Protein chains: 2
Amino acid sequence: MKRNPDQTRQSLLEAAFGEIHRHGFQAASIGQILSDTGLTKGALYHHFPDKKALGLAVIDDVIRPRFTAWHLDPIRTSPFPLAALRAVIVSRRDEVDAAYIALGCPINNLMQEMSPLDEGFRAALTALVNEWQETLVAGLRYAQTTGELRDGVDPAQAALFIVSSIWGCIGVAKSLQSLETYRACLTQLVNYLDTLKGGTSCP
Amino acid sequence: MKRNPDQTRQSLLEAAFGEIHRHGFQAASIGQILSDTGLTKGALYHHFPDKKALGLAVIDDVIRPRFTAWHLDPIRTSPFPLAALRAVIVSRRDEVDAAYIALGCPINNLMQEMSPLDEGFRAALTALVNEWQETLVAGLRYAQTTGELRDGVDPAQAALFIVSSIWGCIGVAKSLQSLETYRACLTQLVNYLDTLKGGTSCP
DNA sequence: TGAGGATAATACCGACCGGTATGGATGTGT
DNA sequence: ACACATCCATACCGGTCGGTATTATCCTCA
């Protein structure tokens, strides 16, 4: 049998991500991850000391890169951060499928489940969220200097509300298991974003 | 030993509610519930056929009455539903304590956890949420007839956004384990509500 | 080519879980 | 006071879980 430790580790991470996404961390079954990958406990516990380390590695090596690519890089690189944010949200609204809605946002799921229970998870996930929020704040601030975002909007509070709304949307949609609700809800958020544009004079 | 079946059942429900609130339904331990109450499995499985039935009973007999009293009755009975809604949110913002934020909203927690897994839970909780949403829609519609809510607002979409925002607020606050975040977030929502008042002309 | 570390498979453990079978205690109708 | 249903305690079961100890296999490098 050919060996490939890196790929072994990677496939363990992918399978763990899927299992955690489907059942949450606590209910995620080591046995299921192993049968998904065709591996055994020897492989898993060689690469990870215990289940918690596996979970944290999933956050660092699977969730974080995807999230950064999807939600952070576009805001950071665009000369029009507000428009970029709007585009990200619109694309999420239009492209996400029912299966994703059924399971919900992996980050949100993990935070909801683990934040009250484990400090390690809380710290890792909070770091991600803070990065998100800081990216939004920086983007909004910059948008304000270019006039893309109107004055009178507090970037920090707006960023908080945006984060909260996005999680609210996906939370409600997951709760109701309804893709339509998700889209309607995000549409409302897009409307809110449009009220932040420069040129208008409304609160 | 004196007997009191109703109280036995009630204390089981209360303990189950606490245990589920702390650990979620799947991770809620029957043994812990029993040691909390000082009862044994004989009592529990006399009153409830299995764990799922216990969970559903918690929803019906503990969660629903509290939720109705807190969030539904004020909207339904007030002649100024928008103001009543605002008052409810403000009071939640100001009175909720850190322990509650740490654990999150019991309804939201349960929906997030169980909706994808079990149709019975999903149905029971969806019924609650629909009741909430319909109450809000009815209230907003009525407020529109009295001029409390300005025209041009779609009550259904606004209600959806309000529900989503509230869950977003408590979700973010629980994730960050931060009471301050909760308050800041709900303040943003109150601001949003104030933009819905009649008399103003902004979108 | 052979030694030794890296990698993975197998078998097994104790703990805990939800659930059941049984029997004893308590209340109730007659 | 007796029969009977309600109510609850106790002991136990099969199954699953995360984790460990041991052993086998592969790769690397001297």
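Because the structure is predicted, anything quoted here is derived from the model rather than measured. Below, read A as the first sequence line, B as the second, and so on, with proteins coming before strands; counting in each chain starts at 1.
Summarising the geometry, the separation between CD1 on A/Ile30 and C1' on C/dT10 is reported as 17 Å, rounded to the nearest angstrom. Between the NZ atom of B/Lys41 and the P atom of C/dG24 there is a distance of 21 Å, rounded to whole Å. Atom pair B/Leu44:CG and C/dC17:P shows a separation of 14 Å (rounding to whole Å applied). Atom CD1 of A/Ile33 and atom P of D/dG18 are 8 Å apart (whole Å). Regarding B/Leu39, its CG atom lies at a distance of 20 Å from the P atom of D/dT6, rounded to whole Å. Nucleotide C/dT7 holds its P atom 13 Å from the CG atom of A/Leu12, rounded to whole Å. When the C1' atom of D/dT25 is taken as reference, atom CG of A/Asn4 falls 16 Å away, rounded to whole Å.
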Inset, instruction - Please step through side-chain contact (heavy atoms from CB on, under 4.5 Å) for the pair B/Ser29 and B/Glu19, ending with a clear verdict. - result: CA-CA 7 Å; B/Ser29 162; B/Glu19 176 71 4; 3.8 Å; yes

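For DNA chain D, the neighbouring residues in residues 45-57 of chain B, judged by any heavy atom under 4.0 Å, are B/His46, B/His47. Within residues 19-29 of chain A, the residues approached by DNA chain D to less than 4.0 Å at the level of any non-hydrogen atom are A/Ala28, A/Ser29, in residue-number order.
You won't find any donor-acceptor pair under 3.5 Å spanning the side chain of A/Arg3 and the base of D/dC27, going by distance alone.
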Can I get a per-line list of side-chain donor-acceptor pairs under 3.5 Å for residues 59-69 of chain B, giving both atom names and the distance, sequence neighbours left out?
from    : atom 1 : to       : atom 2 : distance (Å)
B/Asp61 : OD2    : B/Arg9   : NH2    : 2.4
B/Arg64 : NH1    : B/Glu131 : OE1    : 2.7
B/Arg66 : NH2    : B/Glu14  : OE1    : 3.2
B/Thr68 : OG1    : B/Arg64  : O      : 2.8

Run the side-chain donor-acceptor check on residues 94-104 of chain A: report pairs under 3.5 Å with partners two or more places apart or on a different chain.
from     : atom 1 : to       : atom 2 : distance (Å)
A/Asp97  : OD1    : A/Tyr100 : N      : 3.4
A/Tyr100 : OH     : A/Arg92  : NH2    : 3.4

Between side-chain atoms of residues 41-50 of chain A and protein atoms elsewhere (two or more places apart, or another chain), which donor-acceptor pairs fall under 3.5 Å?
from    : atom 1 : to      : atom 2 : distance (Å)
A/Asp50 : OD1    : A/Lys52 : N      : 3.4
A/Asp50 : OD1    : A/Ala53 : N      : 3.0

Give every donor-acceptor pair under 3.5 Å between a side-chain atom in residues 136-144 of chain A and any protein atom, sequence neighbours left out.
from     : atom 1 : to       : atom 2 : distance (Å)
A/Gln144 : NE2    : A/Arg150 : O      : 3.2
A/Gln144 : NE2    : A/Val153 : O      : 2.9

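Regarding contacts with the backbone of C/dT7, every side-chain N or O of A/Thr8 stays at 4.0 angstrom or more from both OP1 and OP2.
Put simply, NE2 on B/His71 and OG1 on B/Thr135 are 11.5 Å apart, with the number rounded to the nearest 0.5 Å.
Using the six-membered ring where Trp is involved, A/Phe25 and A/Phe121 have ring planes that are tilted, between 30° and 60° apart.
Ring centroid separation for the pair A/Tyr192 and B/Tyr192 does not come in under the 6.0 Å cut-off.
Electrostatic pairing of A/Arg183 and A/Glu180 does not count as a salt bridge here, judged by no charged N lying under 4.0 Å from a carboxylate O.
When distances run from any side-chain atom of B/Pro5 to the nucleotides D/dC7, D/dT10, C/dA9, the shortest one goes to D/dC7.
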